[in-house]
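Here is the structure we will look at, set down as structure tokens.
In what follows, chains carry the letters A, B, and so on, assigned in the order in which the sequence lines appear, proteins first and then strands, with residues in each chain numbered from 1. The structure displayed is predicted, hence computed values, not measured ones.
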Number of protein chains: 2
Amino acid sequence: MGKVPAAEGRDGVLSRAVAILRALAAAGPDGLRLSDIAEAADLPKPTALRILRTLQGEGLVEDGPLGRTYRLGLDLFCLAARAGNPSNLRDLGRPAMLRVAAAFEDTVFLLVRSGYDAVLIDRSEGVLPVRSLTGDIGGKVPLGLGQGSTAILASLPAGEQEEVVRHNLPLIRERGGLEETALRTALLDTARKGYCDVANGLIPGSSGLAVPIRDRTGQVIAALSIGTTLERLTPERRAAMAEMLQREAAAIGDASNPFDPTLRRPGASMQRAG
Amino acid sequence: MGKVPAAEGRDGVLSRAVAILRALAAAGPDGLRLSDIAEAADLPKPTALRILRTLQGEGLVEDGPLGRTYRLGLDLFCLAARAGNPSNLRDLGRPAMLRVAAAFEDTVFLLVRSGYDAVLIDRSEGVLPVRSLTGDIGGKVPLGLGQGSTAILASLPAGEQEEVVRHNLPLIRERGGLEETALRTALLDTARKGYCDVANGLIPGSSGLAVPIRDRTGQVIAALSIGTTLERLTPERRAAMAEMLQREAAAIGDASNPFDPTLRRPGASMQRAG
DNA sequence: CGATTATTTTCACTGAATGAAAGTGGTGGT
DNA sequence: ACCACCACTTTCATTCAGTGAAAATAATCG
């Protein structure tokens with residue numbers, strides 16, 4: 001009869017179903033076979049099968065390309081397309097992104113913070129395809145890896161920033177980002193200038209520039225970022241980009257709803273508005 | 001007792017949870033209160049609450065902007081970002097879309113068929129923002145409304161096309177599309193030319209051009225579409241666009257996996273591989 | 001074709017899910 | 001300040017949805 005509040009039970013069909021969905025998401029578009037799913041979600045096969053059938057009935061899962069495989073379905077895509085829009089950021093940001101992309105003909109990214117990560121929620125392509133660290137829309141990067149992500153980290157309150165840095169440093173190092181000293185310098189630099197242009201050159205020749213987006217209470221909620229190449233990032237363009245990004249970011253922040261609990265700190269996961 | 005196979009039960013926590021997710025998706029980014037959710041999903045409040053809590057624990061649902069509201073969470077967005085990629089179409093299509101967008105500086109859309117509808121699964125913006133019928137990524141249009149959607153419909157086998165037309169005509173008419181005669185003419189015209197440029201002028205001044213994407217078996221699976229304005233659609237540009245779209249669509253189709261069961265006909269919704 | 005491995009069905013059991021009812025908290029009217 | 005109202009939350013006895021071992025069936029491979 002443990003009434004432990006944080007008893008993150010892995011039982012209940014619902015949690016199991018979500019585990020299956022996660023397993024399918026982790027797999028590619030070719031899908032997974034029942035056995036793989038059962039193993040990945042740590043479920044007996046009959047149970048996995050029953051859940052898959054139900055999900056399939058709901059359209060969230062569909063048959064994969066090769067016979068007897070399963071993958072995430074179109075309905076799930078449609079359903080979730082309207083998710084991940086905290087403070088209406090996606091809608092508010094779209095026009096700004098288009099303007100920036102049109103002005104510089106480079107790719108523009110919109111990232112929101114989620115715990116220790118930043119999630120890419122929108123993108124507007126420029127003339128040349130730029131590879132983003134997050135992979136595609138919906139992808140995550142640890143805060144501190146890449147310009148947008150670093151712009152967010154640099155704008156967090158000191159305590160929170162410290163916690164995130166401590167948590168993410170191993171990940172950042174592992175993925176070829178900055179060392180601790182360089183990262184801390186970059187954070188200070190970003191905070192001072194109001195934009196981030198550290199070349200944590202993960203993709204050789206690539207670079208970018210990002211600014212934090214703050215709501216009206218001053219809390220960082222997102223970042224607006226440009227991805228480009230080193231040679232296109234001339235001093236003049238850099239200045240113009242920084243100026244425009246800051247202007248657009250301010251406009252987005254002003255328009256966003258300040259009363260948004262999505263800025264939950266990573267540590268405190270159970271604040272009830274009691 | 002009842003062993004009715006098609007007993008699409010609305011019971012089972014899973015189905016109930018999905019009903020709740022659907023309700024939340026239908027609501028805007030401001031979220032819904034418990035009472036509204038319970039009503040929308042046709043569930044008693046305690047049940048709805050319990051499910052919401054579990055979903056929230058999984059990150060699929062989060063607190064809304066105003067106190068005591070719920071909305072779809074970021075995790076759902078991340079999860080589903082990798083869904084809706086039948087035949088790997090999204091990945092295969094991306095480079096083609098970028099090329100087309102760069103060539104004409106107009107917005108490019110990638111639509112896949114889903115039953116009686118077409119779903120927008122990707123978009124690459126041009127210089128001027130074009131409003132798409134589907135709203136945003138993840139949005140649906142009935143087949144036969146808009147160029148991309150019509151390109152798909154025109155390429156279906158006769159019987160299937162007929163069924164879809166009969167099913168969708170009321171919807172199309174209601175939403176300001178073509179009348180039956182005009183639609184049928186447009187379908188023939190599209191099939192003959194290999195691309196669709198009917199100006200079912202839903203958005204005045206807007207127009208576009210679309211081609212079907214067929215897999216190697218010849219089945220239509222998607223459409224590649226350009227959205228532009230009437231004055232930008234000069235005869236020369238139209239010809240160049242049609243040529244390029246057809247070339248790119250053919251390349252995508254050749255690269256796609258032909259053994260994909262996603263081309264399920266709208267009628268047969270319960271084909272079990274027994 | 002037979003051996004192996006994956007999928008699916010069956011079924012007796014059980015605890016997860018249920019929802020009526022009671023309790024708590026917050027909001028607005030006077 | 002008070003009360004009346006409505007929304008949210010907790011409790012708990014009931015029961016049926018979910019479970020998974022085992023067996024049957026189907027696919028795969030050498």
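- Here the side chain of V13(A) is nearest to one of dT9(D), dT7(C), dA17(C), namely dA17(C).
- OP1 or OP2 of dG20(D) sits under 4.0 Å from a side-chain N or O of T47(A).
- One can place CD of E39(A) at 12 Å from P of dT7(C), the figure rounded to the nearest angstrom.
- Picking from dT8(C), dT19(D), dC8(D) the nucleotide with the shortest atom distance to the side chain of Y70(A) gives dT8(C).
- Remark: R16(A) is in phosphate contact with dT19(D), judged by side-chain N or O atoms under 4.0 Å from OP1 or OP2.
- Nearest to the side-chain atoms of L34(A) among the listed nucleotides dT18(C), dT8(C), dG18(D) stands dT8(C).
- For R53(B), no side-chain nitrogen or oxygen approaches OP1 or OP2 of dC8(D) to under 4.0 Å.
- For dT9(D), neither phosphate oxygen OP1 nor OP2 lies less than 4.0 angstrom from any side-chain nitrogen or oxygen of R33(B).
- Heavy atoms only, all atoms of each residue included: D75(B) and E58(B) are closest at OD2-O, 3.6 Å.
- Between the side chain of Q161(A) and the backbone N or O of L153(A), at least one donor-acceptor pair lies under 3.5 Å.
- The one candidate from R71(B), Q56(B), R68(B) that meets the side chain to side chain donor-acceptor pair (under 3.5 Å) condition with D63(B) is Q56(B).
- In this structure, K45(A) places its NZ atom 13 Å from C1' of dA27(D), rounding to the nearest Å.
- DNA chain C is contacted by both L14(A) and S35(A); S35(A) maps to the nucleotide lying nearer its 5′ end (nearest heavy atom per residue).
- At whole-Å resolution of the value, CD1 in I37(B) and P in dT9(D) are 11 Å apart.
- A straight line from CG of L52(A) to C1' of dT8(C) spans 13 Å, rounded to a whole angstrom.
- Distance R68(B) CZ to dT24(C) P: 16 Å, rounded to the nearest Å.
- Rounded to whole Å, atom P of dA16(C) lies 14 Å from atom CG of L43(A).
- Listed nucleotides: dA6(C), dA17(C), dA20(C). Nearest to the side chain of P46(B): dA20(C).
- Both L49(A) and P44(B) sit near DNA chain C, but only L49(A) has its closest nucleotide nearer the 5' end.
- Taking 4.5 Å as the limit, every side-chain heavy atom of V13(B) sits out of range of all side-chain heavy atoms of R50(B).
- Distances shown here put every side-chain N or O of R50(B) at or beyond 4.0 Å from the OP1 or OP2 atom of dA17(C).
- With salt bridges taken as basic N to acidic carboxylate O contacts below 4.0 Å, one links R123(A) and D122(B).
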